[in-house]
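Structure first, then comments.
Along the sequence shown, residues carry numbers from 1. Just follow the structure's listing: the first ligand is 1, and inside any ligand the first atom is 1. All values derive from a computational prediction rather than experimental measurement.
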Amino acid sequence: MNILIVFAHPERHSLNGALLDVAVTTLQAQGHKVQVSDLYAMHWKASIDRADFPDIPANERLRVSSASSREFAEGGLTDDVTAEQDKLRWADTVIFQFPLWWFAMPAILKGWVDRVYACGFAYGVGEHNDRRWGDRYGEGTMTGKRAMLIVTTGGWPEHYSARGINGPIDDLLFPINHGILFYPGFTVLPPFVAYRVDRLDNAGFDVLAEQLRERMRTLATTAPIPYRQQNGGDYQIPTMELKTGLEAPGTVGFDLHVALPPPK
Ligand code: FAD
């Protein structure tokens with residue numbers, strides 16, 4: 001497989017850097033080809049603005065979606081963005097790796113998504129009409145590709161449990177897993193989350209590294225999160241609300257968008 005890791009940590013000699021080495025080494029040992037976009041090392045421009053659309057006249061009001069759509073179609077996006085889009089086309093599997101900062105991804109990675117996910121590439125794909133909201137949530141440019149997150153947190157697993165004060169980790173990561181990965185068509189694998197890492201010792205690191213190796217070895221076979229496809233019949237048209245009666249009794253919130261596991 002071709003694997004792209006988008007890595008967002010400012011310090012290569014960090015826990016995240018060490019885990020990146022574990023991931024890359026394990027994947028290469030399996031015969032996979034790996035590319036890493038090390039965003040801080042690349043001095044990635046983290047915010048989308050007028051400079052992203054060099055052909056838009058200075059006196060024209062900037063409307064980001066339409067500028068993005070036009071420049072993507074005409075090949076006018078900047079070289080750094082098109083290089084990342086090419087890496088996404090090349091990849092069979094994409095991994096985002098980052099420390100959890102303020103319950104979200106670091107801004108540099110969000111900026112990578114804002115800029116690389118152009119209109120016509122990651123959104124605005126497929127037919128849009130009164131009854132169809134295009135190819136998204138399970139369909140789109142990334143159909144057939146797998147994706148997953150590698151995340152480290154200072155908080156304890158209990159803090160991220162169903163009743164934990166930070167909120168459940170699957171809820172916090174839902175906007176990334178469902179909104180950023182499933183939306184353009186990726187098949188999304190459960191995340192690898194390393195909790196309570198700030199005072200990790202060597203023994204703790206060894207355990208973590210082995211857990212990550214196992215996830216990297218099983219990348220191709222790990223069962224994905226069974227998110228419901230937008231165009232699979234589970235949602236009312238055109239409101240895109242989940243049809244009633246499909247969920248297990250008592251299911252609310254983000255969990256509604258995860259299909260029931262198949263009967264055993
Ligand atoms: P590092 O600081 O590099 O290392 C962590 C520990 O691992 C250290 O003890 C280090 O000695 C050890 N270590 C590193 N490399 C190795 C190695 N090779 N072998 C053995 N041990 C090693 N946490 C939350 O839970 N929720 C939040 O919302 C949140 N927000 C944050 C916001 C900001 C701005 C910041 C700075 C931190 C936040 N944190 C939060 C904590 C953050 O998630 C953790 O600090 C981060 O995940 C740790 O990863 P790191 O790579 O930076 O670790």
The closest protein heavy-atom partner of atom 40 (C) of ligand 1 is L100 O, 3.2 Å
Would you indicate whether K87, at its atom NZ, is surrounded by more than 12 heavy atoms from other residues, nucleotides or ligands within a distance under 6.0 Å? yes
Note: ligand 1 atoms sitting under 4.0 Å from heavy atoms of P99 are 46 (C), 47 (O)
I want to know if ligand 1 touches H9 in the polar sense, i.e. an N/O pair below 3.5 angstrom. yes
Distance filter under 4.0 Å to N202 heavy atoms, resulting ligand 1 atoms: 20 (C)
So, W112 versus E84: side-chain donor-acceptor pair below 3.5 Å or not? yes
Do I169 and V188 belong to the same hydrophobic cluster, where Ile, Leu, Val, Met, Phe, Trp and Tyr are linked whenever their side-chain heavy atoms lie under 4.5 Å apart, directly or via other members? yes
Where do R70 and E60 land on the salt bridge (Lys or Arg N to Asp or Glu O under 4.0 Å) test, with the steps shown first? CA-CA 14 Å; R70 196 159 93 199; E60 186 177 309; 3.6 Å; yes
Taking distance alone, with no angle check, do G154 and ligand 1 share an N/O pair under 3.5 Å? yes
One thing to verify: whether E210 and R217 come together as a salt bridge, which I'm taking to mean a side-chain N less than 4.0 angstrom from a carboxylate O. yes
Proximal atoms of ligand 1 relative to T152 (non-hydrogen, under 4.0 Å): 43 (O), 46 (C), 47 (O), 48 (C), 49 (O)
Of all the non-hydrogen atoms in the protein, which one sits nearest to atom 30 (N) of ligand 1, and at what distance? W102 N, 2.8 Å
Among non-hydrogen protein atoms, atom 9 (O) of ligand 1 lies closest to D198 O, 3.0 Å
Quick check: closest heavy atoms across L77 and Q85, and the distance to 0.1 Å? CD1-NE2, 3.6 Å
Is the CG atom of D79 crowded by more than 12 outside heavy atoms at less than 6.0 Å? no
With heavy-atom distances below 4.0 Å as the criterion, list the atoms of ligand 1 near V197. 5 (C), 6 (C), 7 (O), 47 (O), 48 (C)
Any idea which protein heavy atom is nearest atom 17 (C) of ligand 1, and the distance to it? F205 CD1, 3.8 Å
Would you mind running through ligand 1 and noting each atom that sits below 4.0 Å from a heavy atom of N16? 49 (O), 50 (P), 51 (O)
Does atom CH2 (W156) have a neighbourhood of more than 12 heavy atoms from anything else shown, all under 6.0 Å? no
Hey, does G155 come in under 3.5 Å of ligand 1, counting only N/O atoms on both sides? yes
Apply side chain to side chain contact (heavy atoms under 4.5 Å, CB included) to the pair Q97 and L19, showing each step before the final yes or no. CA-CA 9 Å; Q97 187 189 342; L19 293 175; 3.8 Å; yes
Tell me the protein heavy atom at minimum distance from atom 10 (C) of ligand 1, and give that distance in Å. L200 O, 4.3 Å
Would atom 4 (O) of ligand 1 count as contacted, meaning some protein heavy atom under 4.0 Å? yes
Mode of S14 contact toward ligand 1 - side chain, backbone, both, neither (heavy atoms, under 4.0 Å): both
Atom indices of ligand 1 within 4.0 angstrom of T153 heavy atoms, with elements: 25 (O), 43 (O), 47 (O)
Please check: side-chain N/O of Y40 versus main-chain N/O of R12, any donor-acceptor pairing under 3.5 Å? no
What about the rings of H257 and F182, do their centers lie closer together than 6.0 Å? no
Please identify which atoms of ligand 1 are closer than 4.0 Å to at least one heavy atom of F103. 26 (N), 27 (C), 28 (O)
What I want to know is whether D201 and ligand 1 share at least one N or O pair that is separated by under 3.5 angstrom. no
For R63, is the CZ atom crowded, meaning more than 12 foreign heavy atoms sit under 6.0 Å from it? no
Which residue owns the protein heavy atom closest to atom 25 (O) of ligand 1, what's the atom, and how far is it? Y160 OH, 2.5 Å
Identity and distance of the protein heavy atom lying nearest atom 53 (O) of ligand 1: L15 CB, 3.4 Å
Taking Q30 for the side chain and M216 for the main chain, is one N or O donor matched with an acceptor at less than 3.5 Å? no
Starting from atom 18 (N) of ligand 1, find the nearest protein heavy-atom neighbour and note its residue, name and distance. A18 CB, 3.3 Å
